[in-house]
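Just below is one structure, and these are the notes that go with it.
From a predicted model like this one, the values you see are computed outputs, not experimental measurements. Chain identifiers are assigned alphabetically (A, B, ...) following the order of the sequence lines, protein sequences preceding nucleic acid strands; residue numbering begins at 1 within each chain.
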There are 2 protein chains.
Amino acid sequence: MHHPEKRSHNTSNLHCQCHVMRLFSLLNKAFNGIPSSSKLLLVFSLSGGGLVAYSESQSTSATNNTEVERLANKKKVVVLGTGWASASFLKDLDISSYDVRVVSPRNYFAFTPLLPSVTCGTVEARSIVEPIRNIVKKKNGEIQFWEAECTKIDAANKKVFCHSNIDANLVGKKEFSLDYDYLVIATGAEVNTFNTPGVVEHCHFLKEVEDAQKIRTSVIDCFEQAILPELTEEERRINLHFVIVGGGPTGVEFAAELHDFIYEDLVKLYPMVRDLVSITLIQSGDHILNTYDSRISSFAEQKFARDGIDVRTGCRVLSVTDKEVNMKIKSTGEYVPLPHGMVVWSTGVTTRPVVKDFMEQIGQGKRRVLATNEWLRVKGREDVYAIGDCATIDQRKVMEDIAAIFKAADKDNSGILNVEEFQDIIDDILIRYPQVDLHLQSEHLSSVTDLLNDPEGNAMKEVDIERFKSALSHVDSQLKSLPATAQVAAQQGTYLSRCFNRWEKCKTQPEGPRRFKGSGRYEFLPFRYKHFGQFAPLGGEQAAAELPGDWVSVGRSTQWLWYSVYASKQVSWRTRVLVISDWTRRFIFGRDSSGI
Amino acid sequence: MHHPEKRSHNTSNLHCQCHVMRLFSLLNKAFNGIPSSSKLLLVFSLSGGGLVAYSESQSTSATNNTEVERLANKKKVVVLGTGWASASFLKDLDISSYDVRVVSPRNYFAFTPLLPSVTCGTVEARSIVEPIRNIVKKKNGEIQFWEAECTKIDAANKKVFCHSNIDANLVGKKEFSLDYDYLVIATGAEVNTFNTPGVVEHCHFLKEVEDAQKIRTSVIDCFEQAILPELTEEERRINLHFVIVGGGPTGVEFAAELHDFIYEDLVKLYPMVRDLVSITLIQSGDHILNTYDSRISSFAEQKFARDGIDVRTGCRVLSVTDKEVNMKIKSTGEYVPLPHGMVVWSTGVTTRPVVKDFMEQIGQGKRRVLATNEWLRVKGREDVYAIGDCATIDQRKVMEDIAAIFKAADKDNSGILNVEEFQDIIDDILIRYPQVDLHLQSEHLSSVTDLLNDPEGNAMKEVDIERFKSALSHVDSQLKSLPATAQVAAQQGTYLSRCFNRWEKCKTQPEGPRRFKGSGRYEFLPFRYKHFGQFAPLGGEQAAAELPGDWVSVGRSTQWLWYSVYASKQVSWRTRVLVISDWTRRFIFGRDSSGI
């Protein structure tokens with residue numbers, strides 16, 4: 001990690017660091033949706049009763065020489081993507097020492113966990129998007145954004161090639177390339193069709209905002225077609241058969257939303273076909289929501305059974321045509337054709353071609369997913385980082401380093417490790433290898449030194465290298481890659497921006513664990529994911545939640561918890577207000593069923 | 001006009017006609033957006049302090065014989081379209097004696113006067129639409145609606161042929177036909193390109209909600225393309241040149257909205273191209289808004305000049321390509337090419353092909369627009385009505401009937417009309433020929449009898465047929481066809497539903513004026529348009545309005561008048577709440593510029 005410049009403080013940020021300013025900056029942050037250059041003059045009364053007037057000052061343009069020089073010396077950071085990972089990274093990044101360029105085919109950030117709600121109009125598409133330029137607006141400089149797709153990363157020449165995908169007949173070259181000193185890949189992943197024939201042509205996906213909007217129109221189309229005069233009842237039934245492939249959180253939430261949309265709103269407008277509607281959820285595993293606690297999984301299955309949603313577990317989809325889903329029941333080997341009105345495909349994600357090509361270049365061609373180290377740096381490159389769904393952290397195994405760890409711990413080079421020596425480096429081990437902690441939890445061990453107990457459970461005062469190896473031999477089995485969720489991506493973005501912001505400082509005062517191979521410490525603490533739990537909204541104002549500390553919560557109150565968490569997690573006050581007012585509107589007026 | 005059944009009252013509507021019910025029905029009407037079958041239980045306190053609980057009762061299904069018979073005898077009314085005319089007609093129609101079927105390619109009603117606001121996100125598309133099924137929900141029966149386009153009207157066989165335009169791969173026959181006893185054509189008109197080459201391919205229109213959404217995306221695309229790295233300044237300028245063809249109310253309002261969107265919101269996110277943006281408004285006439293009062297027209301021109309909108313009057317567009325608008329300056333004959341980023345075409349409307357074909361069948365093939373009589377019945381057909389933009393009223397001329405009028409008035413057959421005889425039929429004349437009233441106003445005559453004054457202005461006691469003819473000879477010059485506006489269409493819809501509702505009654509007690517040819521009276525009063533004024537929002541919280549009684553109002557307060565009128569005119573409480581909250585949101589957060 002090489003990074004020569006000293007971070008220069010922007011003086012305009014310093015000249016009135018009083019309490020009032022801090023209070024204002026809090027307010028300002030809270031209302032970051034409000035156009036900042038609109039000569040905002042806020043007069044507010046403090047608790048003391050005084051009045052303070054504040055008018056936003058425009059920083060003078062950088063025309064003096066030192067400023068120009070500083071700009072020229074800035075490291076070029078290119079960021080690909082505007083999803084959770086990228087937005088979190090850019091939001092917190094201090095750009096006083098970086099020249100940041102962002103490229104993405106979407107000029108907005110979307111609050112993707114609400115996508116299933118958009119499919120049925122519970123929340124409007126526009127309420128969950130925020131222009132990326134609003135999010136990355138900075139006081140002390142500018143982040144440039146271009147709406148284009150990165151078509152190739154040239155790792156050797158530190159260059160990315162981009163192509164604007166604006167499909168209008170506008171003039172000017174749509175291709176351009178950017179040089180980078182550091183590249184942050186945050187392009188997300190694409191839908192995994194498992195090469196199932198017909199999926200791309202005949203299925204809806206649920207990845208982008210446009211997907212959700214298309215699904216909404218399509219549901220209404222199915223109803224409008226089903227009630228046309230000349231159809232047989234069988235034809236009406238087929239048009240009103242909604243099939244969802246994939247029993248993960250997205251598929252389940254969509255099934256629940258669709259059920260509510262149909263039975264709370266649509267049947268009132270299309271009462272004549274009420275009894276002809278059916279929803280089928282196809283899951284290849286034995287249970288839906290199988291990454292969740294089994295209590296949630298069975299709660300969801302029971303709820304869906306009551307709702308009349310046909311859950312088909314243990315089934316694999318072989319192909320999809322415009323008329324049918326062809327499915328195989330795994331247990332019996334039987335082939336079942338399901339005529340449908342509409343299919344939504346939601347079975348997980350895979351690597352994008354541009355990332356795949358990059359992996360070939362850097363010797364990761366044989367992997368399925370781009371690998372980074374624990375500091376989110378791409379393996380094999382000094383200057384490329386990857387965050388969010390496009391990459392996975394390749395956690396170093398304890399057993400790979402076991403000899404080095406033993407050697408580092410064995411200060412007196414005696415070949416024997418005593419408990420004191422072990423305790424000396426245990427913190428560094430726990431930081432460097434999070435699987436150790438997970439192992440302790442799963443084995444219900446209260447202290448790390450318990451690891452060194454002999455097979456009978458007696459505490460050992462000393463261990464040799466063989467005993468040490470066998471003591472830690474099961475630890476690596478706890479390794480598990482992180483799920484491809486918004487939560488993980490957002491935490492990675494925030495983590496990486498913190499590293500970029502503290503780079504200068506940490507080079508001289510490293511904050512990471514000691515290096516067992518080599519000397520000294522790592523500059524940064526490795527990335528550690530904090531799981532805040534996960535929700536599964538199940539429709540009818542019912543939700544299930546898995547909360548930290550092995551808590552499981554189901555029912556109506558969980559739905560309200562879901563509302564409050566999702567409202568608080570919005571990126572701007574604008575989207576927060578819109579999402580809450582959408583929910584309110586839905587409670588009062590129901591969902592809109594106009595075919596637009 | 002033939003219509004045999006007696007209207008039978010739905011008994012379920014009668015059994016508790018107390019004050020409380022009426023109060024509730026008012027409330028219920030006010031909140032007609034609320035799903036009515038959701039077992040709504042409202043408990044509200046009356047002024048007396050008592051509590052009344054009301055639960056909506058489901059009417060029992062019509063299974064007894066008289067009911068079936070009644071249904072079979074109902075006249076079949078087919079309505080084409082779901083715009084202003086159709087929605088107003090259906091909303092007030094009493095369907096107890098009509099079996100009503102509605103066909104339209106849009107399953108929603110759109111509040112079209114707010115379309116220009118949708119183009120720039122001042123108001124969201126969904127806020128101005130209401131599912132037509134919500135609007136036509138009736139207590140005493142069902143109005144059937146099918147989302148399809150009428151492809152042919154077969155006047156001889158009283159049949160319409162329809163084709164569903166749902167473009168999904170859904171099963172079942174998309175074609176169907178409907179028989180009618182009465183047909184109400186309310187399909188509106190289509191954009192008039194005047195056969196200008198390239199308009200259909202390269203211009204945006206502003207007729208449908210989808211058009212407005214496309215314009216919004218396209219504006220953002222122009223900005224995103226203009227800031228790409230590899231463009232020359234000239235290319236950036238071209239991409240940011242917005243051309244509007246047509247200086248009528250829609251074009252002017254769109255220009256104003258676009259100006260506000262760009263200078264209030266977009267330049268903050270794209271500051272680097274601020275000075276490269278330009279807006280050109282092309283008008284073939286000498287002034288923009290030339291159907292308005294000249295004070296409004298010049299106020300608008302001055303406002304646009306200040307805003308930097310380039311208004312090119314007296315110019316005709318010869319062709320449009322993906323890169324250029326080719327324009328001819330009428331006065332000099334000079335040809336001017338205008339390179340553009342985007343063109344919006346808004347130059348008026350013309351007859352749809354299906355209506356044109358129908359006109360051929362009924363002998364109106366040589367006309368430009370479908371003609372109806374003053375009762376909105378299509379000329380040449382007993383059973384077809386046409387309302388809204390698809391038709392025009394062919395007002396009977398006084399001079400065509402002058403002999404019959406004279407004869408009817410001259411009771412004693414003396415060949416001389418005295419003032420008393422004239423006064424006797426003057427009310428019928430004023431009702432039957434509204435142009436007489438307009439003529440009196442334009443000539444500043446205080447009384448109708450002043451018409452009979454001799455050329456020197458002396459009052460005449462008696463006139464012969466020749467004098468009578470010359471007295472009324474200028475009256476018909478006041479004939480003017482009604483503008484193609486929402487206001488006209490809505491009033492026509494309401495008028496026609498009133499006729500349908502009162503048909504039985506008016507057959508025995510006609511309420512119309514006397515027939516000068518033939519005997520007796522017309523069943524109904526002819527349609528009379530009441531002009532409530534018109535607005536021209538000009539951006540920057542400025543608007544101009546032409547109000548009844550020759551009032552003209554311009555400026556900021558007029559914009560607020562505009563807000564309140566447009567809010568009050570919404571078809572449902574849902575859209576009213578949404579539109580107002582969109583305006584509020586825009587004031588606080590600005591318009592959204594995400595490219596979705």
Which bit of [X] comes within less than 4.5 Å of chain A, counting heavy atoms only: side chain, backbone, both or neither?
X: B/Arg126; result: both
X: B/Leu578; result: side chain
X: B/Phe109; result: neither
X: B/Glu234; result: neither
X: B/Glu210; result: side chain
X: B/Leu231; result: side chain
X: B/Cys222; result: both

Quick check: does any side chain N or O of B/Asn239 sit under 3.5 Å from a backbone N or O of A/Val171, one acting as donor and the other as acceptor?
->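 At least one qualifying donor-acceptor pair exists.
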Given A/Ile220, A/Asp221, A/Leu170, the one with more heavy-atom pairs under 4.5 angstrom with chain B than any other is A/Leu170
Residue among A/Glu208, A/Lys174, A/Arg585, A/Arg106 with most heavy-atom pairs under 4.5 Å to chain B: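 The answer is A/Lys174.
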Heavy-atom distance under 4.5 Å between the side chains of [X] and [Y], does that happen here?
X: B/Glu147; Y: A/Ile227; answer: no
X: B/Tyr108; Y: A/Asp592; answer: no
X: A/Glu224; Y: B/Ser164; answer: no
X: A/Lys137; Y: B/Leu269; answer: yes
X: A/Met272; Y: B/Glu142; answer: yes

query: Side chain, backbone, both or neither: which part of A/Lys323 has a non-hydrogen atom closer than 4.5 Å to chain B?
result: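 Answer is side chain: those atoms of A/Lys323 sit under 4.5 Å from chain B.
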message: Counting heavy-atom pairs closer than 4.5 Å to chain A, which one of B/Pro131, B/Pro271, B/Pro229, B/Gly341 comes out on top?
response: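 Option with the greatest count: B/Pro229.
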When rounded to the nearest 0.5 angstrom, what is the spacing between [atom1] in [X] and [atom2] in [Y]?
X: A/Phe223; Y: B/Asn107; atom1: CZ; atom2: CG; result: 12.0 Å
X: B/Leu228; Y: A/His163; atom1: CG; atom2: NE2; result: 10.0 Å
X: B/Asn134; Y: A/Asp265; atom1: CG; atom2: CG; result: 9.5 Å

Exactly one of A/Gln225, A/His202, A/His340, A/Met342 clears side chain to side chain contact (heavy atoms under 4.5 Å, CB included) with B/Asn169, and that residue is A/His202
Heavy-atom pair with the smallest gap, counting every atom of B/Val577 and A/Phe589: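 Between these two residues, the closest heavy atoms are CG2-CZ, 3.9 Å.
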